[in-house]
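Read through the structure below, which is laid out as structure tokens, and then see the notes.
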Number of protein chains: 2
Amino acid sequence: MRPKNLGKEEAIRTIALQIIAEEGLENLSMQKLAKAAGISPRTIYIKYNDKDDLLVKLYVDVVLSEYEKAILKGFNSEMNFAEGIKKLWLNGFEYLKNNKPYFALIQYGKSSPLLNKAYQKRDIKQGDFFGPIISFLDRNMQAGIIKKFPHDVYRALLFSPILELINEYFDYTERPQQIITDEVILACCEAITKGVTL
Amino acid sequence: MRPKNLGKEEAIRTIALQIIAEEGLENLSMQKLAKAAGISPRTIYIKYNDKDDLLVKLYVDVVLSEYEKAILKGFNSEMNFAEGIKKLWLNGFEYLKNNKPYFALIQYGKSSPLLNKAYQKRDIKQGDFFGPIISFLDRNMQAGIIKKFPHDVYRALLFSPILELINEYFDYTERPQQIITDEVILACCEAITKGVTL
DNA sequence: CAAATATAAGTAAACGTTTATTTACTTATG
DNA sequence: CATAAGTAAATAAACGTTTACTTATATTTG
């Protein structure tokens with residue numbers, strides 16, 4: 001039996017993310033993807049059931065899963081609150097500013113109904129996806145170090161600003177001077193931390 | 001000369017936003033829109049040059065323009081910092097939770113390259129779009145009441161959390177209990193305000 | 001003051017293109 | 001040599017947009 005060419009699977013994923021980042025999710029077609037990857041459209045269907053399956057797997061299994069691995073690197077739920085948040089912010093900034101295609105799909109995850117639903121479905125099943133962050137927050141809430149809010153509220157408070165700052169980082173790569181520097185990220189992180197600390 | 005039927009123009013806009021909110025921007029087609037609005041596809045082209053023109057006008061002239069009118073209602077740049085931010089947050093929450101289609105397109109504005117670019121182009125030209133908020137921030141920075149950050153950084157710090165909370169508000173409308181209440185919004189607003197205050 | 005006219009608004013149906021996906025076939029290797 | 005991986009080409013459906021035509025009304029004319 002002829003063996004799978006793993007390089008082709010890799011090419012599909014990489015080039016799909018590239019097209020999404022450069023032209024938008026709405027401009028990714030199976031035929032364009034196949035041509036850009038130098039393969040036949042049929043080959044995509046050997047590896048994925050259909051277009052939705054490809055997109056959901058790209059989003060959940062590739063982008064979100066690697067993103068979370070990256071932001072949790074060197075983090076553990078026993079860390080001091082300010083240090084923990086700082087670690088998560090710097091990890092996120094460092095990772096996403098060097099992986100624009102990943103960031104682009106994360107942004108689409110907030111608007112596209114397909115990706116939105118896919119994430120919710122998997123998130124419930126998985127549970128330990130953002131596990132360390134959840135126990136980190138729980139511990140700090142219980143210890144009276146930070147205000148008591150639901151996890152989803154903390155996600156909005158602590159992590160939506162850093163994603164928006166990364167969005168601006170990419171906007172500013174097309175302008176004469178970058179304003180979203182490590183210093184700005186750190187200052188913002190401190191502001192957010194101060195805001196939720198009791 | 002036969003006069004324009006303004007009701008049809010209204011229907012195009014309303015139903016387009018509806019389809020985008022319910023099925024996503026990627027599932028809005030001119031033929032689907034025409035059918036749903038009970039008109040011929042040609043009629044859309046009397047009022048808009050092409051699909052991109054329709055989407056950009058929907059986004060900039062309808063959604064963003066009305067959204068900004070709504071959040072600036074009762075706000076002026078001379079307000080006390082905490083009161084001003086509170087007003088903007090409550091206005092935004094009240095308006096968007098009752099106008100889901102508007103919120104949906106605002107979310108797409110962050111990922112879709114078409115809408116992204118359209119906004120930037122117009123924003124530069126217009127200038128006074130978010131004008132009162134910009135002078136509000138400038139005044140408070142100059143007075144040493146809040147930390148010094150570029151406007152774009154303040155947008156991320158002050159307003160991305162409320163948008164994310166509204167996103168969660170809509171998620172929770174499909175669950176047994178709503179957790180994003182006025183009280184939660186106010187508590188979050190206070191946390192954010194505290195974070196940036198000197 | 002009505003009938004005729006000019007004209008943009010609007011329609012139904014079609015245009016060529018692109019879409020996601022499949023069919024029929026070829027290729028590489030355990 | 002069996003078999004799944006892979007290809008080239010085709011499929012029907014949907015896409016954005018246009019063509020050829022009809023309709024409604026503000027204005028002009030008798």
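Here is the naming used below: chain letters follow the sequence lines, and residue numbers restart at 1 for every chain.
- One interatomic measurement links the two molecules: CD of A/E9 to P of D/dA4, which rounds to 17 Å at whole-angstrom precision.
- On the nucleic acid side, DNA chain C contacts chain B at distances under 4.0 Å to non-hydrogen atoms, with the end points of that region at C/dA6 to C/dA14.
- Two residues are said to be in side-chain contact when any heavy atoms from C-beta on lie closer than 4.5 Å; A/I180 and A/F93 meet this criterion.
- Annotation: proximity of residues 18-31 of chain B to DNA chain C (heavy atom, distance under 4.0 Å) is found for B/Q31, numbered in ascending order.
- In the hydrophobic clustering of this structure, A/L186 groups with A/L88; members are Ile, Leu, Val, Met, Phe, Trp, Tyr whose side-chain heavy atoms approach within less than 4.5 Å, directly or through other members.
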- request: Determine, stepwise, if the pair A/K69 / A/E66 fulfils salt bridge (charged side-chain N to carboxylate O under 4.0 Å, His left out).
  value: CA-CA 5 Å; A/K69 232 180 278 168; A/E66 290 188 24; 5.9 Å; no

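- Counting non-hydrogen atoms under 4.0 angstrom, B/K32 reaches nothing in the nucleic acid.
- Counted by atom type alone, B/Y108 and B/E26 present one or more donor-acceptor pairs between their side chains at under 3.5 Å.
- A perpendicular orientation is assigned to the rings of B/F75 and B/F136, their planes being inclined by more than 60° (bins at 30° and 60°).
- There is no path of hydrophobic side-chain contacts, each under 4.5 Å, that joins B/M30 to B/I46.
- Between B/K86 and B/E190 there is no salt bridge, since none of the side-chain N atoms of the basic residue sits less than 4.0 Å from a carboxylate O of the acidic one.
- Counting non-hydrogen atoms under 4.0 angstrom, B/K47 reaches the backbone sugars and phosphates but no base.
- Between A/D152 and B/Y172, some side-chain heavy-atom pair lies under the 4.5 Å cut-off.
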